[in-house]
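I have placed the structure first, in the form of C-alpha cells, so that the comments after it can refer back to it.
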Amino acid sequence: MIRKCLFPAAGYGTRFLPATKATPKEMLPVLTKPLIQYGVEEAISAGCNTMAIVTGRGKRAIEDHFDISYELEHQIKGTSKEPFLSEIREVINSCQFTYTRQKEMKGLGHAILTGETLIGNEPFAVILADDLCDNGEGDSVLKQMVEMYERYNCSIVALQEVPMDETYKYGVIEGKLIDQSDNIYRLSNMVEKPKVEEAPSNLAIIGRYILAPEIFDAIRETKPGLGGEIQITDALMALAQKGRVIGYKFEGERFDCGSVDGFVKATNWFYEKSCK
Ligand code: UTP
C-alpha cells in the first residue's frame, strides 16, 4: 500500500563539516555502506518500490551511487572483489529512483513539499537517512510503521523516549496512549526543539514518517517557524489537532548519524554486528 519512500537529502550537514563540504552527509559510510543505502534497504524491506530523493547542490554523488558504473563493473567482473558490489546491485535492481532538487534550504517541511512532484496524491513513507535504524533480525522500523498504517490509516510519526535534557534537539509530542500493546499514541500537540521546561513529554519524533497526502496542503499553509524554516512538525500539528496523526514507539535501535557522537556509536554497533 505504501509504494513510495521520500528521502529529504538536501540539508547542508553543517555538524559534519568539513567532511560535508563537498560530500553529501547521506553518503558518509558506516563501515562500507553510505547512510542513504541503509535507508533505501529499509524502505525496500517495508515494501516500497520507488525511492523519491530530494537533493540539492553538491549532492550528485547520491544519483551516481544508485546507478550502474560500467567502468567499475568491467574492472571488477570475475575478480574476488565482485561480491563487494552485490548488495548495491541488488538495491539498484529492486526499485526505481526519482529525484528532484530543493533549490533553497528552507527546512524539512519545505523539502517534503518539494517532493510532492515525485509522490503525487498517495500516502508515502519518509526516511531521514541520517537517523540510522536497526532492528536486527526483526522487522525494520519502516516495516513496523507500514503495518501500523494499514491498521490505523492516518499519518504516523516514529517516537523514541529521550532524556528530558535532550528534548531541545527534537520535535516533542503531547499525546494519549491509545493502544498499549501496539505502543500507539494519539497526538494532540507537538513542539519543535523545546527547552526542558517547555517540553510536553520526553517522546521525540525521529526520522521516520508515514504521511497522508493531505500533508502537502498542510505544509503550504504553514508559516516559517523556528530558524525561519518551514518545519514539518508545525504542519503535522495542524493535522494532529484534527486527530489525524498517531505516534508509534518503534522497536529497535536508532542512531543520530547527523552528530559525530551518534555516528561513532552506529559505526561501533554495525562493526560489532559484522564480527558475529
Ligand atoms: P537536519 O536538521 O539534520 O539538517 O535535517 P542538516 O542540514 O542535514 O544538518 P546540520 O544540522 O546542518 O548538521 C534533517 C533532514 O532534513 C533534510 C536533511 O537533509 C536531513 O535529512 N533537509 C533539511 C532538507 O532536505 N532540506 C532542508 O532545507 C533542511
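Just follow the structure's listing: the first ligand is 1, and inside any ligand the first atom is 1.
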Can you find a side-chain donor-acceptor pair between Gln102 and His110 that sits under 3.5 Å? yes

Does ligand 1 have any N/O pairs with the protein under 3.5 Å, and how far apart?
unit_1: ligand 1; atom_1: 3 (O); unit_2: Arg15; atom_2: NH2; d: 3.0
unit_1: ligand 1; atom_1: 3 (O); unit_2: Lys25; atom_2: NZ; d: 3.1
unit_1: ligand 1; atom_1: 3 (O); unit_2: Asp130; atom_2: OD2; d: 3.4
unit_1: ligand 1; atom_1: 7 (O); unit_2: Tyr12; atom_2: N; d: 3.0
unit_1: ligand 1; atom_1: 7 (O); unit_2: Gly13; atom_2: N; d: 3.2
unit_1: ligand 1; atom_1: 8 (O); unit_2: Lys25; atom_2: NZ; d: 2.7
unit_1: ligand 1; atom_1: 9 (O); unit_2: Gly13; atom_2: N; d: 3.4
unit_1: ligand 1; atom_1: 9 (O); unit_2: Lys25; atom_2: NZ; d: 3.1
unit_1: ligand 1; atom_1: 11 (O); unit_2: Arg15; atom_2: NE; d: 3.2
unit_1: ligand 1; atom_1: 11 (O); unit_2: Arg15; atom_2: NH2; d: 3.4
unit_1: ligand 1; atom_1: 12 (O); unit_2: Thr14; atom_2: N; d: 2.8
unit_1: ligand 1; atom_1: 12 (O); unit_2: Thr14; atom_2: OG1; d: 2.5
unit_1: ligand 1; atom_1: 13 (O); unit_2: Thr14; atom_2: N; d: 3.0
unit_1: ligand 1; atom_1: 13 (O); unit_2: Arg15; atom_2: N; d: 2.8
unit_1: ligand 1; atom_1: 13 (O); unit_2: Arg15; atom_2: NE; d: 2.9
unit_1: ligand 1; atom_1: 19 (O); unit_2: Ala10; atom_2: N; d: 3.4
unit_1: ligand 1; atom_1: 19 (O); unit_2: Gly11; atom_2: N; d: 2.9
unit_1: ligand 1; atom_1: 19 (O); unit_2: Glu26; atom_2: OE2; d: 3.4
unit_1: ligand 1; atom_1: 21 (O); unit_2: Pro8; atom_2: O; d: 2.9
unit_1: ligand 1; atom_1: 25 (O); unit_2: Ala10; atom_2: N; d: 2.9
unit_1: ligand 1; atom_1: 26 (N); unit_2: Gln102; atom_2: OE1; d: 2.7
unit_1: ligand 1; atom_1: 28 (O); unit_2: Gln102; atom_2: OE1; d: 3.4
unit_1: ligand 1; atom_1: 28 (O); unit_2: Gln102; atom_2: NE2; d: 3.2
unit_1: ligand 1; atom_1: 28 (O); unit_2: Lys106; atom_2: N; d: 3.3
unit_1: ligand 1; atom_1: 28 (O); unit_2: Gly107; atom_2: N; d: 2.8
unit_1: ligand 1; atom_1: 28 (O); unit_2: Gly107; atom_2: O; d: 3.4

Could you tell me if Gln37 and Glu41 have a donor-acceptor pair between their side chains, going purely by distance under 3.5 Å? yes

Kindly write out the residues that satisfy salt bridge (charged side-chain N to carboxylate O under 4.0 Å, His left out) with Arg220, not counting sequence neighbours, or none if the list is empty. Glu116, Asp217

Lys/Arg N to Asp/Glu carboxylate O, Glu104 vs Lys106, below 4.0 Å: yes

Does a side chain donor of either Thr117 or Thr100 reach within less than 3.5 Å of an acceptor in the other side chain? no

When you compare the side chains of Asp179 and Ser181, does any donor N or O come within less than 3.5 Å of an acceptor on the partner? yes

